[in-house]
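Okay, so here's the structure we're looking at.
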Amino acid sequence: MGDYDHRSIEAKWQRFWEERRLFYAPRDARRPKYYILPFLPYPSGDLHMGHMRNYTIGDAVARCKRAQGFNVFHPIGWDAFGLPAENAAMVHKTHPRTWTLKNIARMKEQLRLFGFGYDWEAEVSTCEPEYYRWNQWFFLEMLKRGLAYRKKSRVNWCPRCQTVLANEQVVEGCCWRHEETPVEQRELEQWFLKITHYAEELLADLDKLAEGWPERIRLMQRNWIGKSDGARVQWAVAGSDKLITTFSTRLDTAYGAVAVLLAPEHPLVNELIAGLPGSAAIARKVGVLRQQTRRAQVTGEVEKEGIFTGRFAANPFSGDQVPIWVSNLVLMEYGTGAVQAVPAHDQRDFEFAKKYRLPIKVVIQPLATKPLAASAMQQAFTGPGRLVDSGPYTGMPSEKALEKMMDDLARKGRAEPVTLYRIKDWGISRQRYWGTPIPVVYCNACGIVPVPEEQLPVVLPLEVEFTGVGLSPLLNVPEFINTSCPKCRGKARRETDTMDTFIDSSWYFYRYLSPHHDTAPFDPDLVRRWFPIDQYIGGAEHAVLHLIYLRFWTKMMRDLGLVDHDLAVTRLFNQGMVIKDGAKMSKSRGNVVSTDEMVEKYGADTARLFTLFAAPPEKDMEWTQAGVEGCQRFLQRLWRVISKHAPRLRPVSPNPASRPSPLGEDERDLLRKAHQTARRVTTDFDSRWHFNTSIAAIMELVNELYALEPLEETVSPPVLKEVFDMAVLLTAPFAPHLAEELWQQLGHPQSVLETPWPQTDPELAREEECEIVIQVNGRVRSRIRVSEELPDSEVLEQALADPRVAGLINSQRIAKTVVVPKKLVNIVLAS
RNA sequence: GCGGAAGUGGCGGAAUUGGCAGACGCACAGGACUUAGGAUCCUGUGGCCGCGAGGCCGUGUGGGUUCGACUCCCACCUUCCGCACCA
């Protein structure tokens, strides 16, 4: 037996798997399918530990499912468009395409060296015209149905990316790629996808995902969609025919309104203050408020302030005239940009009222606690209660009043019920080069004209210059820009914005099934056969980005008649982060461990094993060198014990029929341990994915093998072979190369990949004896070993007869006894 | 502020349903083998007291339920994550 040499073993089996095409999933097989998928990686050029962890989890599950008889489809591809390629092009004087393809080649090699079992025949690169032409096709379909539209609006602009960002790509007022760079607001003409059309459905479906999606993600999405039921209410401006429309979810507090507040950007502001005494000063103040960035307002960098316009509006219920203020408390982007201010029952209004000495009018009294007095209030009361001082509604419970007041005002045509969502339509225009061209042209005569479907793809020109300054390089490509109008043949200009790359990743998993299909985005028969995806695996950072977009895309495709399902992903798994020295591994922190070095020095099997052993996969894991070495030690131990005995076991059949009868003691113990291990590992795969405990179980089995050495003396070859086979097959999802090598040493002609998952024999796994803990007054005082079958009464008898226990009981009266079968006896003494 | 997750030896973690707390690994200590050991194998290893048998304490803190609580209930503390003027 030679030493365990991970280099030669891993290379050997990687070649073997490739040559035999062992990871190809026959698309039309009759076996039950299992579609397992990692998030689409961005080809940054280096496989990092986060990727590695993601893929190790998926590959272990894929290999186990495969052994359990499933037709496993486990593809991967490349999120190949995106800004980093463009930045790299400027820095390294290369082309984004060259840079991207080189990175893909390198990362593919890295994946290969880890031995991940992907079906490479499904590979997709989103930067290929063959792929992105379908982005364009989808866009045109959406355009036809009004799901894509163009409008001028205030959008998020990242000065470093030099492009627009979707709301989902803004994190705490900053760019998701540049967390220190505040996002600016710009007024631009942009293309939008109408994700809000599906807001209600996307929200409702979260309940259907309760089984398979993490609670955390569903909650984040629920907040993001942000449904809110309320009413639009009209307030008549005194001395004018203007109406102000407010939005409120608490119409029941309307009698407590002491002001109407307008957002500084509200379109009526200028009109209202025009011509009033002091209007110049008011306008100046409004101007200051308008200058404040959204970020400054949200983070509290600027104070909440406001200014009285000098005008009044009539409360639609009471007719009371209340002052109209302009305040940065109110956001133009949400609701109607105008609100009723009810200091007694809204905390923000309360603080505003205190600051400007507005009255506080209590109109809801709590049911349980003592009545509120406006003068004594320290904060707003926002709970439900009974109405007071509210005209005809006085005395009603607030929930009921809300409905009644809504109805009454609606009947008068002064209010309408409305449901608002926080989610906004998805802005997809990017002023960048390396992305999918948006397939429209601008014609002076015809306006916006979609590129006809048969002219797709609109190919991204490769001959461009990267100056690094200004806007998209596409603006300097006249051959691309100048075109003729598909309608009137006249001169026209192409759209130079490209699509957000989150579009690429919204549907790639459909394309995997037929990556070269050229009459539709995918082959519908294959999609019917393989969808939904059984298991999706990736990090939580995409909770309200990719994971909400993909749900939208499936709905849209359903409405296009392309698929007949609502949900593309039934189960989602979020793996934890990889931590080193107490912080997330990242280049900027300088605590990155290179995956290449890991493979080179310790081997892919060791790296994979450690990744799964260090922590359960959903939790963050700490990467430690010592831990990696421990895992390598374990693989060496496994290697040594099996290699040592393998030569004489090669011809031996592990058939249960050839076991000696009766079994010797060591044989029984070993078989029991092996079958218990198989049961534990199988349970971990089938239920909770806690592979750290699976691996611990296999380690225990190996420890047992060492403890019984020399094995040849007390364990007959058929039994030893059976136990070794089991140990190897159970290890295979975690350390597949080593498993193949040992499997071959044990004389098996076929690959582990062609071998079914080991079956647990419950009879062999059964313990014959168990240890019973004997407690006296809840404290462990002794232990006895008894047969599993011994009835409770006899267990109790033996416990009472135990000398130590008997001594403790002495002559005291026994108040109570508890017997837990196979576990414990508790004797409670009367005190 | 709101919502979520978590808190167990020197460290990573285990305890599937209220029933032996600390599996497995790391680190450390002792031993065997050895010219040597940073290889391998074996043994030990939560804290305190005790020569020992053994005893006491111990799962963030304080209460509670129970024969019995890491596990269930109440209150609180800490950490991480997400959301945060959403009217």
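Residue numbers start from 1 in every chain, and the chains themselves are labelled A, B, ... in the order their sequence lines are given, proteins ahead of strands. When reading the values below, keep in mind they use all heavy atoms of this one structure, side chains included, and skip hydrogens, waters and symmetry mates.
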Would you please classify the geometry between the A:H546 ring and the A:F39 ring as parallel, tilted or perpendicular, with 30° and 60° separating the classes?
-> perpendicular

Atom pair distance, as rounded to whole Å: CG in A:L609 and P in B:C26 | 12 Å

Looking only at non-hydrogen atoms, find the nearest pair between A:W235 and A:V233 and report the distance.
-> CD1-O, 3.5 Å

Check whether any side-chain N or O of A:R422 sits under 4.0 Å from OP1 or OP2 of B:A84, and answer yes or no.
-> yes

With heavy atoms under 4.0 Å as the rule, sort A:E709 into base, sugar-phosphate or nothing.
-> nothing

Round to a whole Å and report the spacing from CG of A:N574 to P of B:A6.
-> 14 Å

Taking the P atom of each, how far is B:G58 from B:A6, in whole Å?
-> 25 Å

Base, sugar-phosphate alone, or nothing: which one does A:V828 contact when heavy atoms must sit under 4.0 Å apart?
-> sugar-phosphate

Scan A:E629 against the nucleic acid and name what it touches under 4.0 Å (heavy atoms): base, sugar-phosphate only, or nothing.
-> nothing

With the side chain of A:T693 defined as its heavy atoms from C-beta on, choose the nearest nucleotide among B:G12, B:G19, B:A15.
-> B:A15

Between the base of B:C20 and the side chain of A:R783, is there a donor-acceptor distance below 3.5 Å?
-> yes

Would you indicate which nucleotide in B:A14, B:A87, B:G19 comes nearest to any side-chain atom of A:S228?
-> B:A87

Quick one, give me the B/S/- string for nucleotides 45-60 of chain B, reading 5' to 3', where B means a protein heavy atom under 4.0 Å from the base and S means that only happens at the primed atoms, P, OP1 or OP2.
-> ----------SSS---

How close or far is atom C1' of B:C85 from atom CG of A:L289, stated in whole angstroms?
-> 14 Å

Considering only heavy side-chain atoms of A:M699, the closest of B:C42, B:G25, B:A87 is B:G25

Say you pick atom P in B:G12 and the same atom in B:U66; how far apart are they, in whole Å?
-> 36 Å

For the residue pair A:F247 and A:Y334, categorise the inter-ring angle as parallel (less than 30°), tilted (30 to 60°) or perpendicular (more than 60°).
-> perpendicular

Gap in Å between the two P atoms, one belonging to B:G25 and one to B:G44, rounded | 13 Å

B:A39 - base-pair partner by Watson-Crick or wobble geometry, distances under 3.5 Å = none

Could you tell me whether A:E215 and A:R218 make a salt bridge, using a distance below 4.0 angstrom between a side-chain N and a carboxylate O?
-> yes

So what does A:E700 touch, heavy atoms closer than 4.0 Å: a base, only the sugar-phosphate, or nothing?
-> sugar-phosphate

Could you tell me whether A:E700 and A:R680 make a salt bridge, using a distance below 4.0 angstrom between a side-chain N and a carboxylate O?
-> yes

For B:A14, does OP1 or OP2 lie under 4.0 Å from any side-chain N or O of A:N692?
-> yes

Whole-Å P distance, B:A75 and B:G19 = 25 Å

Could you give the distance separating B:C57 and B:G63 at their P atoms, to the nearest angstrom?
-> 15 Å

Here the distance between atom C1' of B:A87 and atom CG of A:N328, to the nearest Å, is 14 Å

Does B:U66 have OP1 or OP2 sitting under 4.0 Å from an N or O in the side chain of A:N826?
-> no

Given B:G4, is OP1 or OP2 found less than 4.0 Å from the side-chain N or O atoms of A:R218?
-> no

From the options B:C85, B:A87, B:C24, select the nucleotide whose nearest atom is closest to the side chain of A:K304.
-> B:C85

Span that lies between the P atom of B:C77 and that of B:G30, in whole angstrom | 46 Å

Taking only the side-chain heavy atoms of A:R633 (C-beta and beyond), determine which of B:C41, B:A23, B:U40 contains the nearest atom.
-> B:U40

B:C20, B:C81, B:A87: which one has an atom nearest the side-chain heavy atoms of A:R216?
-> B:C81

Can you tell me if NZ on A:K424 sees more than 12 non-hydrogen neighbours from other groups inside 6.0 Å?
-> yes

When rounded to whole Å, the CG to P distance for the pair A:L545 and B:C83 reads 10 Å

Remember a base hit wins even if backbone is also touched, and classify A:G630 as base, sugar-phosphate or nothing at under 4.0 Å, heavy atoms.
-> sugar-phosphate

Find the partner of B:G46: check Watson-Crick (N1-N3 plus N6-O4 or O6-N4) and G-U wobble (N1-O2, O6-N3) distances, both under 3.5 Å, and reply none if neither fits.
-> B:C57

Distance in angstrom units between A:W689 CH2 and B:U16 C1', rounded = 18 Å

Take atom C1' in B:U34 and the same atom in B:C42, then report the distance between them in whole Å.
-> 16 Å

Does a nitrogen or oxygen in the side chain of A:K816 sit under 4.0 Å from OP1 or OP2 of B:C67?
-> yes

By the Watson-Crick or G-U definition, both distances under 3.5 Å, B:C20 is matched with none

Are OP1 or OP2 of B:C42 and a side-chain N or O of A:R637 less than 4.0 angstrom apart?
-> yes

Base orientation of B:G25, syn vs anti, 90° cut from 0 = anti

Paired to B:U34 by Watson-Crick or G-U wobble criteria (both distances under 3.5 Å) is none

Taking a pair to mean Watson-Crick or G-U wobble geometry with both distances below 3.5 Å, B:A5 pairs with B:U79

Rounded to whole angstrom units, what separation is found between the CG atom of A:L638 and the P atom of B:C24?
-> 17 Å

Measure from the side chain of A:F613, starting at C-beta and using heavy atoms only, and say which of B:C26, B:A14, B:C24 lies closest.
-> B:C24

Indicate yes or no: does A:D207 engage A:R222 in a salt bridge with an N to O separation below 4.0 Å.
-> yes

Look at all strands and tell whether A:N703 reaches a base, only sugar-phosphate, or nothing, counting heavy atoms closer than 4.0 Å.
-> sugar-phosphate

Hey, does the side chain of A:R688 come within less than 4.0 Å of B:A15's phosphate (OP1/OP2), counting only N and O?
-> yes

With sequence neighbours left out, write down each residue that passes ring pair (Phe, Tyr, Trp, His ring centres under 6.0 Å) with A:F610, or none if nothing qualifies.
-> A:W623

When you measure from the side chain of A:M220, which nucleotide among B:A27, B:G82, B:C24 comes out closest?
-> B:G82

Would you indicate what A:Y706 reaches in the nucleic acid, counting non-hydrogen atoms under 4.0 angstrom: base, sugar-phosphate, or nothing?
-> sugar-phosphate

B:C72 pairs with, by Watson-Crick or G-U criteria that keep both distances under 3.5 Å = B:G64

Would you indicate which nucleotide in B:U16, B:G12, B:G13 comes nearest to any side-chain atom of A:T683?
-> B:U16

Quick one: label A:D349 by what it contacts on the DNA or RNA (base, sugar-phosphate, nothing), any heavy atom closer than 4.0 Å.
-> nothing

Hey, can you tell me if A:Y356 and A:F352 have their rings parallel, tilted or perpendicular (30° and 60° cut-offs)?
-> tilted

Measure up the A:F381 and A:H345 rings against each other and bin them: parallel (under 30°), tilted (30 to 60°), perpendicular (over 60°).
-> perpendicular

How long is the line joining CG of A:L796 and P of B:G19, in whole Å?
-> 20 Å

May I ask you to say what A:L219 touches in the nucleic acid, namely base, sugar-phosphate or nothing, with a heavy-atom cut-off under 4.0 Å?
-> sugar-phosphate

Using the P atom as the reference point in each nucleotide, state the distance between B:C33 and B:A69 in Å, no decimals.
-> 49 Å

Of the candidates B:A27, B:C20, B:C41, the side chain of A:R640 sits closest to B:C41

Can you list the residues that meet the salt bridge (Lys or Arg N to Asp or Glu O under 4.0 Å) rule with A:E211, with sequence neighbours excluded?
-> none

With a cut-off of 6.0 Å (strictly less than), are more than 12 heavy atoms of other residues, nucleotides or ligands near NZ of A:K823?
-> no

